[in-house]
Protein chains: 2
Amino acid sequence: MKDLLKQINKAFDNKIRLGIMSVLVHKKSATFNEIKDLMGLTDGNLSSNASVLEEGGYIEIKKQFIKKKSNTSYHITEKGKISFKLHLDALSKIIQGKYDTKS
Amino acid sequence: MKDLLKQINKAFDNKIRLGIMSVLVHKKSATFNEIKDLMGLTDGNLSSNASVLEEGGYIEIKKQFIKKKSNTSYHITEKGKISFKLHLDALSKIIQGKYDTKS
DNA sequence: TTTTTTTACTTTGCAAACAAAAGTAAAACA
DNA sequence: TGTTTTACTTTTGTTTGCAAAGTAAAAAAA
């Protein structure tokens, strides 16, 4: 269990960032407003949590202009995919009690 | 997704408290030292997190003396069982992408 | 027997993490 | 031309988390 707890990735151990990663795993790409509306977040909350994921190299933030309007979209990185899977595996084992009760 | 995020229980949204609940769901009862060793926690860390779960009414803390030594054991409550299940259900849906991408 | 160490916890205090509010900048509208 | 809206980012006050310090009793040592 000790080892499983160490495998919990701090970047994903927050419901908002977990949600963002989940969306990007399933959708491959999403815009700022899509995620914001889907998750019911405030602008600041999404912005700062996305930054944490970007700083860790788990997602990429692409800023472009569509019809003179800025448009920010999020994409999962290869590192993000791998790390998120490892995180979910550990989480799943903790929840399902798949650890030795002796250590 | 918004609704699922609201169903995430703050008391369980922390890896240590999630781990404690997992142990107590599977074992029904465990002592301070059992959990501490199993999870590799410091005394203070276990004590304070267990208090959070107790204050929420999710676990019961029983203190007794065994051969003149104090012995603290933890047990899940009925409320704990129900609430934890609801939490895990929401978590699982978020992870598996079981939400409408339109809201 | 007193003193020191160990066991079994709880409380405190400081650092890190959150989230709402405030701020910025450009476009659209009136 | 100003003022409102859109699309974000940054700041700031609060909450949370965790290690270290504290407490108290038993056991071991001296």
Side-chain angles (χ1 to χ4, degrees), chain A residues 1-2 5-21 23-24 29-56 58-75 87 91 94, chain B residues 1-2 4-21 23-24 29-56 58-75 87 94:
Chain A
M1 167 83 133
K2 217 180 315 214
L5 286 173
K6 279 181 199 151
Q7 288 171 45
I8 292 294
N9 189 327
K10 214 171 182 185
F12 307 140
D13 194 19
N14 163 288
K15 64 180 175 183
I16 293 174
R17 293 192 299 270
L18 187 90
I20 295 172
M21 290 303 290
V23 171
L24 296 179
S29 164
T31 67
F32 184 89
N33 283 323
E34 275 168 10
I35 297 184
K36 184 188 144 189
D37 295 344
L38 185 62
M39 301 184 61
L41 303 176
T42 59
D43 292 6
N45 210 345
L46 173 52
S47 177
S48 52
N49 279 293
S51 292
V52 171
L53 292 173
E54 190 196 23
E55 278 153 30
Y58 304 115
I59 68 170
E60 253 184 44
I61 306 186
K62 281 185 192 158
K63 284 156 203 282
Q64 54 176 334
F65 277 82
I66 293 179
K67 287 190 218 158
K68 293 203 174 182
K69 280 264 184 185
S70 74
N71 182 279
T72 299
S73 63
Y74 300 109
H75 312 261
H87 174 83
L91 194 60
I94 292 170
Chain B
M1 166 83 132
K2 217 179 316 211
L4 290 174
L5 286 173
K6 278 181 198 150
Q7 288 172 45
I8 292 295
N9 190 326
K10 216 172 181 184
F12 307 141
D13 193 19
N14 164 288
K15 64 180 175 181
I16 292 173
R17 293 193 296 271
L18 186 90
I20 295 172
M21 290 303 290
V23 170
L24 296 179
S29 163
T31 66
F32 184 89
N33 283 323
E34 276 168 10
I35 297 185
K36 184 188 144 189
D37 294 344
L38 185 62
M39 300 185 61
L41 303 176
T42 59
D43 292 8
N45 210 346
L46 173 52
S47 177
S48 52
N49 279 293
S51 291
V52 171
L53 292 173
E54 190 196 24
E55 278 154 29
Y58 304 115
I59 68 171
E60 253 184 42
I61 306 187
K62 280 183 194 161
K63 284 155 203 283
Q64 55 178 334
F65 277 82
I66 293 180
K67 286 191 219 158
K68 295 203 176 182
K69 280 266 188 186
S70 73
N71 181 280
T72 299
S73 62
Y74 300 110
H75 312 262
H87 174 83
I94 292 170

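First the proteins, then the strands, lettered A, B, ... as listed; each starts at 1.
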Which residue lies more 5' along DNA chain C, comparing K68(A) with G44(A) via nearest heavy atoms: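 Mapping each residue to its closest nucleotide by heavy atoms, the 5'-most match is G44(A).
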Nearest-nucleotide comparison on DNA chain C, the residue closer to the 5′ end among K69(A) and R17(A):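 Going by which nucleotide is closer to the 5' end, it is R17(A).
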Taking only N and O in the side chain of [X], is any of them less than 4.0 Å away from OP1 or OP2 of [N]?
X	N	answer
T42(B)	dA19(D)	yes
K63(B)	dT10(C)	yes
N33(A)	dA7(D)	yes
N14(A)	dC18(C)	yes

Describe the nucleic acid contact of [X] in one word from base, sugar-phosphate, nothing, applying a heavy-atom distance below 4.0 Å.
X	answer
K10(A)	sugar-phosphate
S47(B)	base
L46(B)	nothing

Return the value, rounded to whole Å, for the distance between atom [atom1] of [X] and atom [atom2] of [N].
X	N	atom1	atom2	result
I66(B)	dA8(C)	CD1	C1'	12 Å
N45(B)	dA16(C)	CG	C1'	14 Å
I20(B)	dC18(D)	CD1	P	11 Å
N49(B)	dT12(C)	CG	C1'	16 Å
L18(B)	dT16(D)	CG	P	17 Å
N71(A)	dT9(D)	CG	P	12 Å
K36(A)	dT5(D)	NZ	C1'	11 Å
F12(B)	dG17(D)	CZ	P	14 Å

Point-to-point distance, once rounded to the nearest 0.5 Å, from CD of E34(B) to OG1 of T72(B):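 Separation between the atoms: 12.0 Å.
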Distance, nearest 0.5 Å, that separates CG of D13(B) from CG of L5(B):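 Going from the CG atom of D13(B) to the CG atom of L5(B) covers 9.5 Å.
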Side chain to side chain, L46(B) and I16(B), heavy atoms closer than 4.5 Å: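 No - every pair of side-chain heavy atoms lies 4.5 Å or more apart.
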Given dA8(C), dA19(D), dA7(D), the nucleotide with the shortest approach to the side chain of D43(A):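 In terms of side-chain proximity for D43(A), the closest of dA8(C), dA19(D), dA7(D) is dA7(D).
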Backbone N/O of D43(A) and side chain of S47(A): donor-acceptor pair under 3.5 Å: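 Side chain of S47(A) to backbone of D43(A), a donor-acceptor pair under 3.5 Å: no, none is there.
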Geometric class of the F32(A)/Y74(A) ring pair [parallel <30°, tilted 30-60°, perpendicular >60°]: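 If you compare the ring of Y74(A) with that of F32(A), the planes turn out tilted.
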